[in-house]
Amino acid sequence: MGKKGLLIILSGPSGVGKGTIRQEIMKEPDLGLCYSVSLTTRAPREGEKDGIDYFFVSEEEFERQVGAGNLLEYTRFVKHSYGTPRDYVERLRSEGKNVLLEIEVNGAMQVMRKMKDDPPLSIFILPPSYKELERRIRGRSTECEAVIQERLKQAKAELRLAENYSYRVINDNVGGCVSRIAQIIRQEMGS
Ligand code: 5GP
């Protein structure tokens, strides 16, 4: 059997630009990356597609998946549930693919705790400053003030968890951040 693929966790506070970084890093042809599509109970945003951005499911279906033990990790985040399907991740890794999870910090901590014998490569994306993070969260005009406040509070708590990760990378500009992450993955692939 070939070498098992890496499990890579890309995490960081809400609004730090994880989604954009993930999309860009997926374009790097030599990293052998597969994106782990999560389950969520939230409604699709404009342009989001079922099975590509998320598997959009009902609360009942989500609970069923939790009950069946099918999720590697899951969390409640601002009124909705998000979770990573376990089988999909393990199957791809056994095929030698490097599987990328883009998840919030609570789920990332669950994976790190569960996988002590086979530790993931965990990367925390930091904003250039808290002020800048607030500006970015507010810039997403899709949400009402109450949700924004909730996300800011959450982001502050999330920033405190950065030290638990294998690597911390500042997202001062997307290109620079992506190339630093790509470099980290290449280095881990070689070791
Ligand atoms: P959004 O609703 O903006 O797509 O995502 C909200 C947050 O949930 C983001 O921080 C995103 O990274 C995170 N997230 C997406 N999928 C998962 C998942 O499967 N598990 C966990 N723990 N967080 C997730």
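Numbering of ligands and ligand atoms starts at 1, following listing order. Worth saying up front: this structure is predicted, and the values here are computed from it rather than measured.
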Any non-hydrogen atom of Arg76 lying under 4.0 Å from ligand 1? no
Protein residue, atom and distance nearest to atom 16 (N) of ligand 1, heavy-atom basis: Ser38 OG, 3.2 Å
Take every heavy atom of Arg45, measure it against each atom of ligand 1, and state whether any distance is under 4.0 Å. yes
Does ligand 1 have an atom that lies less than 4.0 angstrom from a heavy atom of Gly83? yes
Determine whether any heavy atom of Asn106 lies closer than 4.0 Å to an atom of ligand 1. no
Looking only at protein heavy atoms, identify the closest one to atom 10 (O) of ligand 1 and say how far it is in Å. Lys18 NZ, 3.0 Å
Nearest non-hydrogen protein atom, atom 11 (C) of ligand 1: Glu102 OE2, 3.7 Å
Is a donor from one side chain sitting under 3.5 angstrom from an acceptor on the other, for Gln149 and Glu145? yes
Per-atom filter on ligand 1: closer than 4.0 angstrom to a heavy atom of Phe77 are 6 (C), 7 (C)
So which protein heavy atom does atom 15 (C) of ligand 1 come closest to, and at what separation? Tyr54 OH, 3.2 Å
How far is atom 20 (N) of ligand 1 from its nearest protein heavy atom, and which residue and atom is that? Glu73 OE2, 2.7 Å
Taking side chain to side chain contact (heavy atoms under 4.5 Å, CB included) as the criterion, tell me which of Leu126, Ile125, Ile137 meets it with Val16. Ile125
Between Arg151 and ligand 1, which part of the residue brings a heavy atom under 4.0 Å of the ligand: side chain, backbone, both or neither? side chain
Check each atom of ligand 1 against the heavy atoms of Gly107 and keep those under 4.0 Å away; list them by number with element. 22 (N)
Counting non-hydrogen protein atoms only, what is the nearest one to atom 23 (N) of ligand 1? Give residue, atom name and distance. Glu104 N, 3.2 Å
Any non-hydrogen side-chain atom of Asp118 less than 4.5 Å from a side-chain atom of Arg93? yes
Taking only heavy atoms of Thr84 into account, list the atoms of ligand 1 that are under 4.0 Å away from them. 19 (O)
Per the salt bridge (Lys or Arg N to Asp or Glu O under 4.0 Å) rule, what does the pair list look like for residues 147-158, sequence neighbours excluded? Glu143-Arg151
Selected option - heavy-atom contact closest to atom 2 (O) of ligand 1, from Tyr74, Phe55, Tyr82: Tyr82
